[in-house]
Enquirer: 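Have a look at the structure that comes next, please.
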Amino acid sequence: MSEIEPAKAELRLCRRLGLSGEEALQFLTAMREGKSSRSAVVLSPLAPLDYRLPFACVDTSGWGWLPPRVYVPAEGERPTVYPDYREGMYYSLDLSSCWESAPLSVVPAPSCSLDLCAAPGGKTMLMAARYLPQNHIANEVNSSRRGILRQNIQQCSLPNVEVTGLRPDQWASDGRTFDLLLADAPCSGQSLLCKGIKNPGCLGQQMVNGNAKRQKGILLAAVQCVNPGGHLLYSTCTYDPDENEKVMAYLLRRVPGWHAVEVPLLADFRSGLADFPCYRLLPAHGFGAGGFCCLLQKDY
Ligand SMILES: C[S@@+](CC[C@H](N)C(=O)[O-])C[C@H]1O[C@@H](n2cnc3c(N)ncnc32)[C@H](O)[C@@H]1O
């Protein structure tokens with residue numbers, strides 16, 4: 001299909017997401033204004049239990065899905081300007097990225113885990129905050145991004161984390177298997193628009209199709225690396241159903257012995273575009289630019 005002009009592509013995306021009326025207007029406004037970015041911080045193992053952040057935070061007591069040791073800076077605060085940040089007491093990341101890790105609330109502490117697409121390290125930090133992982137591998141195929149990943153892990157002193165750089169197909173033939181695998185996949189990054197970051201072509205079908213193909217390849221390799229009863233958490237920072245619900249539906253059809261897992265804390269975010277549990281965050285929810293997540297479990 002040939003590419004279409006941005007305004008038409010936005011409307012087409014609204015239709016495909018099932019948004020109409022006020023919801024569609026909110027979504028279009030968010031994409032055009034680019035002001036939906038929200039940051040968060042996750043405490044590192046260096047921060048003691050009684051650690052106090054050097055800046056004011058939002059009251060998040062009603063946000064049941066918020067992962068442990070995650071805080072949301074108050075408006076106008078800049079968490080990265082403090083010495084504590086440079087000393088690795090906390091790591092700064094997108095609030096939506098924290099939301100994408102909420103399915104781990106139903107996953108028991110893994111004895112070995114793999115973050116397949118790990119740089120710059122946000123999901124690995126969130127895992128460390130939740131489980132203090134034993135035998136965690138943070139893997140990144142891109143060598144310069146792997147350097148940043150390694151630096152972030154060192155700065156925050158994450159224990160028992162090995163950094164590797166294998167491709168997903170190399171992991172599949174490597175033979176090692178894990179209780180938990182994170183596939184925070186490369187995607188068209190449509191949510192960047194809602195953060196005010198230019199991302200030409202991200203609404204076009206060509207870019208979406210290319211990413212969907214890559215995501216399926218990554219997942220077909222990833223499923224081979226999970227132990228019976230183990231979990232795979234898939235996430236993206238894009239809106240298109242072709243990179244989200246449809247990728248999950250493809251995998252569940254193609255690979256027997258897997259099912260999608262319900263996440264009670266994300267009930268309000270359940271996607272209406274699939275007949276299995278998976279979750280989407282939109283800018284209108286107020287927790288950042290948005291994303292998608294789906295937790296799969298391999299049968300015993
Ligand atoms: C969305 S980012 C990961 C963000 C990271 N999980 C975090 O929370 O900080 C996706 C990553 O996948 C990597 N990547 C790109 N192509 C890949 C492929 N074919 N297989 C595995 N990883 C890939 C990119 O280099 C990028 O670092």
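First listed ligand is number 1; within each ligand, the first listed atom is number 1.
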Enquirer: Under 4.0 Å, heavy-atom basis, I'd like to know which part of Arg145 is in contact with ligand 1: side chain, backbone, both or neither.
Expert: side chain
Enquirer: Just heavy atoms, cut-off under 4.0 Å: does Pro168 contact ligand 1 by side chain, backbone, both, or neither?
Expert: side chain
Enquirer: For Asn209, run the side chain to side chain donor-acceptor pair (under 3.5 Å) check against Gln205, Lys213, Gln206 and tell me which one passes.
Expert: Gln205
Enquirer: Answer side chain, backbone, both or neither: which part of Arg167 comes under 4.0 Å from ligand 1, heavy atoms only.
Expert: neither
Enquirer: Checking a contact table here: which protein heavy atom is nearest atom 12 (O) of ligand 1, and how many Å away?
Expert: Cys117 CB, 3.4 Å
Enquirer: Is it true that Ser188 and Glu243 share a donor-acceptor pair across their side chains at a distance under 3.5 Å?
Expert: yes
Enquirer: In the structure I gave you, are the side-chain heavy atoms of Leu282 and Leu19 within less than 4.5 Å of one another anywhere?
Expert: yes
Enquirer: Relative to ligand 1, is Cys187 under 4.0 angstrom through side chain, backbone, both or neither, heavy atoms considered?
Expert: neither
Enquirer: Going by the ring-ring contact (aromatic ring centres under 6.0 Å, His included) test, which pairs reach into residues 156-213, not counting sequence neighbours?
Expert: Trp171-Phe178
Enquirer: Does anything in residues 77-89 form a salt bridge (Lys or Arg N to Asp or Glu O under 4.0 Å)? List the pairs, not counting sequence neighbours.
Expert: none
Enquirer: Does Cys237 come within less than 4.0 Å of ligand 1, judged by its heavy atoms?
Expert: no
Enquirer: Below 4.0 Å, non-hydrogen atoms only: which portion of Asp184 touches ligand 1? Side chain, backbone, both or neither.
Expert: both
Enquirer: Which label fits Tyr90 and Tyr51: parallel for a plane angle under 30°, tilted from 30 to 60°, or perpendicular past 60°?
Expert: tilted
Enquirer: Classify the contact between Ala118 and ligand 1 as side chain, backbone, both or neither, using a heavy-atom distance cut-off of under 4.0 Å.
Expert: backbone
